[in-house]
Enquirer: 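Sending over a structure as structure tokens; questions will come in a sec.
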Amino acid sequence: MLDKTYDPHRIEAQWYQRWEDAGWFAPREQRDADGGAYCIMIPPPNVTGSLHMGHGFNNTLMDALIRYHRMKGDRTLWQPGTDHAGIATQMVVERQLEAAGKTRHDLGRDAFIDRVWQWKAESGGTITRQLRRLGSSLDWQHERFTMDEGLSNAVREVFVRLFEEGLIYRGKRLVNWDPVLHTAVSDLEVISEEEAGHMWDMRYPLTNGTGHLTVSTTRPETMLGDCAVAVNPEDERYKHLIGELVELPLTGRRIPIVADEHADPAFGTGCVKITPAHDFNDHAVWLRHRDENQIARQPHGGLINILTPDAAIRDNEPDEDELIPCAYVGLDRYEARKRIVADLDALGLLAGVKDHKLMVPRGDRSGAVIEPYLTDQWYVKIGPLAEPAIEAVEDGRIRFVPDNWKSTYFEWMRNIQDWCISRQIWWGHRIPAWYDAEGNVYVGRSEDEVRTKHGLAVDFPLTQDPDVLDTWFSSALWPFSTLGWPPELNRDTDRLKAFYPTSVLITGFDIIFFWVARMIMMGLKFMDAVPFRDVYIHGLVRDAQGDKMSKSKGNVLDPIDLIDGIELEPLVEKRTRGMMQPRLAEKIAKQTRKDFPDGIPAFGTDALRFTFAALATTGRDIKFDLGRIEGYRNFCNKLWNASRYVLMNTVGAPSPPRPEQDRGGDATPTDIELSAADRWITARLHQTIAAVRTAIDGYRFDLAAQAIYEFTWSQFCDWYLELAKPVLTGEHASAAAKRGTRRTLVQTLETLLRLAHPFMPFITEEIWQKVAPLAGVAGETIMLAPYPVADPATADADAVAEMEWVQQFILGVRRIKGEMNIPPGKPLPVLVANASARDRQWIDIARPYLDFLARTESITVLDDEADAPESAIALVGDMKILIPMAGLIDKDAELKRLDKEIGRLRADIERIEKKLANPSFVDKAPAAVVQKERDRLAEQGAALSQLEAQQAKIARI
RNA sequence: GGGUGCUUAGCUCAGUUGGCUAGAGCAUCGCCCUUACAAGGCGAGGGUCGCAGGUUCGAGCCCUGCAGCACCCA
């Protein structure tokens, strides 16, 4: 028997352990011939990270799909693994060193990397433990890590092959440079946001003595690297000056005025300084003009770098004279800015300063202002890879859900730039390239291979490229590297053959570019097939106000806290820990105390999962409101208690149900009698099964959850369990009828548990263990039991009609009681008038239901309505339910009630009459629609006249 | 500037190829501790579907314009 109260914590802990120990998460041979392989790759979380709400959401949806397909009998794999997360992880360890007053350089490369591995060993289990808490049925025996041997082999293999094809190259380019982390980062890792700054107007004197040009800039310090001033070729103000020179203040250099579209006549003065080594747009201008004499003859051909990797002003090289004025050498970029502005001002060359909002690029990891910077980097030539990746989506081999995300994908893919894949950090896949003393580069899978291939002696000095690859490079290979690619290096290629292409990728829109697009490109390139058929894009999990959850806002919810609950003080501590700004911490603490005065109660994993599923409507972000999870926790409780009721009434009952005898419908054994209620709930159950399957197949987790919720609560609990009571306890019911009800109870519940299992794995397993034997269902676990299949033969129009009549009757009586403030439990005598033969028959059959659910004391069928006393009325079709008013019901209250109802009917009738009076409606609308309106008019008309008669009668009293 | 969405009850959201009185949960208001469940039961109130046009017999849904909000890219 189940415990009296639902305690998620008690049941969740033991079941996961049991499932994993039993090896039930591993793929099994498919059960049905028509079932196929089904595979999802987990988006690998940061190995040393911890679970956030996005993970919770994402993994709930994946696990629901995986469990669904596993139960359906597909050969199902959910591939687990983690990502080394290069920059993020390295930063964490560097911060630890910093606390001890050290830098990574104090340790040296090898020791530092050891230190990171050590950190992985310490904290690497956190997120996988948390995934287990969510109930995620991942195939842990095959867990992978992006830096394990197999995946590292895959990375080298891909690098070498792309290099050999000319799709990887090394080049000096302007990159996004993070001056704090000292590494290049890709475009995607730069977040530009609007910040308050200034716009300076600076005067550059014309060398012909006719005055000066005024240029506007947000970065005056970069003027040291200017190579030109650009004006728009159509700009009448400056046309005549094109080709003239200006003197670049503070440097003594002379730079030309060039004509370029980049100069916007409407912006500022229309003159723009060109600093090609420190601005992407300027670099493009320089590329267009670098062959012009006045630019070409400048130092470095005009491409003048003025910064160190720390973003300070660099010193001059021996052969540069004073290209960079000594006064500024060594100054940080912002210090240099102050000094240059002051010096220009002193020279009378500062025309003005105004406040200005500008987009400031920052590194998404370090938060440092990113500097466009000239460096040598490795690139992937992306055009040849992007082309087939675009086609795969165009021709439908890959489908986005919702569909509209493909426009975002196309937009990006059609404007894609070469991918900078080298990073100047230590934690990651070292680039498999070696240099000799002359700087020649050799690329190969290993140093040995390089030496063999190029005939280099063992003692020929080679040094490996110090850089590592962008983390996303290895992530891009995830769908096949985890399955054992490249086959030449793996004995077991069964998984690769069985599960590639995978079935669906489930992820947030924020990594379509980082990850999804790159997996498609690499998958097509190296597997010659798409990596997944569907891409399901879900929204962001936001807080109840719709704000993005972030540590600095202090509005982060931890899924584990929702599962286990957390007291106020630990929650405050957790949210404010490690805060740099004490003021912020104070504010967050205050807000947290206000939002969660009693902390967060424990809701359990099933409630959390069901909430995620219910909120997973397509195409929008979800606001996570604690009210929702509370509601679904209550739902779990409801299911628990309903199950207790079923068990109380079926455990040890004589003649336990034997479903195997009557599968197929018509073979009902003679010792069992199924009532209309039994047949009705069975029909509803199968409708629900069909709805849930359709919903899951279409990735409508919200609709699936809703269908389960509605059936369980509003049909099974509110009606069927109540209808079962009088049968099970009443003396009137035959033994066969009792058996029929018991069997229906237990079978409906057993099926419902299987139906709900993908969404609420723990509670369904716990209950199923008790219920399955009673339902005659064998099996060790619900997670391997077959997923319910809708049986159309269960549809039963007669049973549905009868039960709807019963419900109308009960609702009619209840409504009168409710509106008249009569206690619902008070038994009342009820009269019935205008009853048809069928009504009379049903009253007879359903009498125990009516007495129990409507608390009718007696039901008297009147042959002549004239005999009826003054009564409150409810209609069931043409039949009238009359509740005598004497001593119970206030005349005015009943008249008011009737008035309202009559008003409603009249409005409706008027609307229908108007519609039917319109000849074009009758002519053009489908006949069925017209007929429906006519039927309805007749129905409403009949009801109206009944109520009007009743109103007149009461009014006469 | 370009792109993608969103706007439906006090709140959070469903609403499928256009067709019954636009639904649900939460919140609100009554009545009830009825032997599975007060984390509950029974009942009630609450909406000009952002605004303005158009197409149609018929529009929350399709088209056009406008307003507001969000996100992405530059």
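Below, read A as the first sequence line, B as the second, and so on, with proteins coming before strands; counting in each chain starts at 1.
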Enquirer: Mind checking if A:Leu703 touches a base, just sugar-phosphate, or nothing, with heavy atoms under 4.0 Å?
Expert: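 Touches sugar-phosphate only.
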Enquirer: A:Lys896 has an atom NZ; how far is it from atom C1' of B:G45, in whole Å?
Expert: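 One finds 12 Å between C1' of B:G45 and NZ of A:Lys896, rounded.
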Enquirer: So do the side chains of A:Phe809 and A:Tyr849 get within less than 4.5 Å of each other, counting heavy atoms only?
Expert: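 No. Closest side-chain heavy atoms not under 4.5 Å.
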Enquirer: Less than 4.5 Å apart, side chain to side chain, heavy atoms only: is that true for A:Met760 and A:Ile763?
Expert: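 In short, these two side chains touch, coming nearer than 4.5 Å.
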Enquirer: Please state the P separation for the pair B:U7 and B:G15 - nearest whole angstrom.
Expert: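 Here B:U7 and B:G15 have their P atoms 10 Å from each other.
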Enquirer: Provide, to the nearest angstrom, the distance between the CG atom belonging to A:Asp702 and the P atom belonging to B:G23.
Expert: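 It is 19 Å, rounded to the nearest whole Å.
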Enquirer: Taking the basic N atoms (NZ, or NE/NH1/NH2) and the acidic carboxylate oxygens, is any pair closer than 4.0 Å for A:Asp260 and A:Arg288?
Expert: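 Between A:Arg288 and A:Asp260 there is a salt bridge, with a charged N closer than 4.0 Å to a carboxylate O.
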Enquirer: With a 3.5 Å cut-off and sequence neighbours excluded, list the donor-acceptor pairs that the side chains of residues 631-640 of chain A form with protein atoms.
Expert:
| unit_1 | atom_1 | unit_2 | atom_2 | d |
| --- | --- | --- | --- | --- |
| A:Tyr632 | OH | A:Arg628 | NH2 | 3.2 |
| A:Asn637 | OD1 | A:Asn641 | ND2 | 3.3 |
| A:Trp640 | NE1 | A:Asp3 | O | 3.0 |

Enquirer: Starting from C1' on B:U35, measure out to CG on A:Leu728 and report it in whole angstrom.
Expert: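 Distance, rounded to whole Å: 13 Å.
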Enquirer: Taking atom P in both B:U16 and B:A22, compute the distance separating them and give it to the nearest angstrom.
Expert: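 So the two P atoms sit 15 Å from each other.
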Enquirer: Can you tell me how far C1' in B:U8 sits from the matching atom in B:G25, rounded to whole Å?
Expert: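 Each nucleotide's C1' atom is 15 Å from the other's.
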Enquirer: Check nucleotides 39-43 of chain B against the protein and report each pair of N or O atoms closer than 3.5 Å, with its distance, or say if there are none.
Expert:
| unit_1 | atom_1 | unit_2 | atom_2 | d |
| --- | --- | --- | --- | --- |
| B:A39 | O4' | A:Asn634 | OD1 | 3.3 |
| B:A39 | O2' | A:Asn637 | ND2 | 2.9 |
| B:A39 | N3 | A:Arg633 | NE | 3.1 |
| B:G40 | OP1 | A:Asn634 | ND2 | 2.8 |
| B:G40 | O3' | A:Lys638 | NZ | 3.2 |
| B:G41 | OP1 | A:Lys638 | NZ | 3.0 |
| B:G41 | OP1 | A:Trp713 | NE1 | 2.6 |
| B:C42 | O3' | A:Arg814 | NH1 | 3.4 |

Enquirer: Tell me: NZ of A:Lys826 to C1' of B:C32, nearest whole Å?
Expert: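 From A:Lys826 NZ to B:C32 C1': 14 Å.
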Enquirer: Between the protein and nucleotides 53-57 of chain B, list the N/O to N/O atom pairs that are separated by less than 3.5 angstrom.
Expert:
| unit_1 | atom_1 | unit_2 | atom_2 | d |
| --- | --- | --- | --- | --- |
| B:C57 | OP1 | A:Lys924 | NZ | 2.3 |
| B:C57 | O4' | A:Ser920 | O | 3.4 |
| B:C57 | O4' | A:Ser920 | OG | 3.4 |
| B:C57 | O2' | A:Asn918 | ND2 | 2.9 |

Enquirer: B:C37 C1' sits how many Å from A:Asn649 CG, rounded?
Expert: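 Distance check: A:Asn649 CG to B:C37 C1' gives 14 Å.
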Enquirer: Given the rule that a pair is Watson-Crick or G-U wobble with both distances under 3.5 Å, how would you write RNA chain B in dot-bracket, using | for pairs to a different strand?
Expert: (((((((..((((.....[...)))).(((((.......))))).....(((((..]....)))))))))))).
Enquirer: Which pairs, protein N/O on one side and nucleotides 5-7 of chain B N/O on the other, fall under 3.5 Å?
Expert:
| unit_1 | atom_1 | unit_2 | atom_2 | d |
| --- | --- | --- | --- | --- |
| B:C6 | O3' | A:Arg620 | NH2 | 3.4 |
| B:U7 | OP1 | A:Arg620 | NH2 | 3.2 |

Enquirer: Could you work out which one of B:G45, B:A36, B:G30 sits closest to the side chain of A:Arg904?
Expert: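 For the A:Arg904 side chain, the nearest candidate turns out to be B:G45.
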Enquirer: Could you state the CZ-P distance from A:Arg414 to B:G2, rounded to the nearest angstrom?
Expert: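 It works out to 19 Å between those atoms.
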Enquirer: Which whole-number value in Å describes the distance from A:Arg628 CZ to B:A27 P?
Expert: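 Between P of B:A27 and CZ of A:Arg628: 12 Å.
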Enquirer: From CD1 of A:Ile822 over to P of B:U34, roughly how many Å is that when rounded to an integer?
Expert: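 In whole Å, B:U34 P and A:Ile822 CD1 are 18 Å from each other.
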Enquirer: Identify the pairs formed between an N or O of the protein and an N or O of nucleotides 71-74 of chain B at a distance under 3.5 Å, and give each distance.
Expert:
none

Enquirer: Among pairs that include at least one residue of residues 689-708 of chain A, which meet ring pair (Phe, Tyr, Trp, His ring centres under 6.0 Å), considering only residues two or more places apart or in two chains?
Expert: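 Listed by first then second residue: A:Tyr536-A:Tyr699, A:Tyr536-A:Phe701.
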Enquirer: Applying salt bridge (Lys or Arg N to Asp or Glu O under 4.0 Å), which residue pairs with at least one partner in residues 915-924 of chain A are found, sequence neighbours left out?
Expert: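 Passing the test, one end in residues 915-924 of chain A: A:Lys915-A:Glu933.
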Enquirer: Which nucleotide wins on minimum distance to the side chain of A:Cys717, given the candidates B:A14, B:A36, B:C13?
Expert: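 Of the candidates, B:A36 comes closest.
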Enquirer: Quick one: list whatever passes side chain to side chain contact (heavy atoms under 4.5 Å, CB included) with A:Asp908, sequence neighbours left out.
Expert: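 Testing A:Asp908 for side chain to side chain contact (heavy atoms under 4.5 Å, CB included), a comparison that skips the adjacent residues, returns A:Arg911, A:Ile912, A:Arg936, A:Gln940.
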Enquirer: By the 4.0 Å heavy-atom rule, please label A:Arg700 as base, sugar-phosphate, or nothing.
Expert: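 Sugar-phosphate contact only.
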Enquirer: Which is more 5' along RNA chain B, the nucleotide nearest A:Pro823 or the one nearest A:Arg855? Just name the residue.
Expert: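 Its nearest nucleotide being more 5', the pick is A:Pro823.
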Enquirer: Side-chain contact, heavy-atom cut-off 4.5 Å: A:Val800 with A:Trp805?
Expert: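 When only atoms from C-beta onward are counted, A:Trp805 and A:Val800 do not touch, as no gap falls below 4.5 Å.
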Enquirer: With distance as the sole criterion, is a donor-acceptor pair present between the side chains of A:Asp702 and A:Thr617 under 3.5 Å?
Expert: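 Side chains of A:Asp702 and A:Thr617: no pair found under 3.5 Å.
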Enquirer: C1' atom, B:G18 versus B:U56: distance in rounded Å?
Expert: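 It works out to 9 Å between them.
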Enquirer: Counting any heavy atom closer than 4.0 Å, what does A:Lys406 reach on the DNA or RNA strands: base, sugar-phosphate only, or nothing?
Expert: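 Result for A:Lys406 = nothing.
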Enquirer: Going by the rule side chain to side chain contact (heavy atoms under 4.5 Å, CB included), which residues pair with A:Asp403 if we only count those two or more places apart in sequence or in a different chain?
Expert: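 In terms of side chain to side chain contact (heavy atoms under 4.5 Å, CB included), with neighbours along the sequence ignored, A:Asp403 is linked to A:Lys406.
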Enquirer: Partners of A:Lys725 by side-chain hydrogen bond (donor to acceptor under 3.5 Å, both in side chains), sequence neighbours excluded?
Expert: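 So A:Lys725 forms a side-chain hydrogen bond (donor to acceptor under 3.5 Å, both in side chains) with A:Glu722.
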Enquirer: Looking at A:Glu766 and A:Arg10, is there a salt bridge between them, counting it only when a charged N and a carboxylate O are closer than 4.0 Å?
Expert: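 The answer is yes: the pair qualifies as a salt bridge.
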Enquirer: Rounding to an integer number of angstrom, what distance separates B:A9 and B:A24 when you compare their P atoms?
Expert: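 Looking at atom P only, B:A9 and B:A24 are 14 Å apart.
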Enquirer: Can you tell me if the side-chain N/O atoms of A:Lys623 get under 4.0 Å from OP1 or OP2 in B:U12?
Expert: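 Yes, within the criterion.
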Enquirer: Using only modelled atom types and a 3.5 angstrom limit, is any donor from either the side chain of A:Glu722 or the base of B:A36 paired with an acceptor on the other?
Expert: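 Yes.
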Enquirer: If we take the P atom in both B:C49 and B:C61, what is their distance in whole Å?
Expert: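 Those two atoms are separated by 10 Å.
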Enquirer: Check side-chain hydrogen bond (donor to acceptor under 3.5 Å, both in side chains) between A:Gln808 and all other residues, then give those that pass, not counting sequence neighbours.
Expert: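 side-chain hydrogen bond (donor to acceptor under 3.5 Å, both in side chains) list for A:Gln808, sorted by chain: empty.
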Enquirer: Does the side chain of A:Val929 reach to within under 4.5 Å of the side chain of A:Phe921, using non-hydrogen atoms?
Expert: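 Yes, at least one pair of side-chain atoms sits under 4.5 Å.
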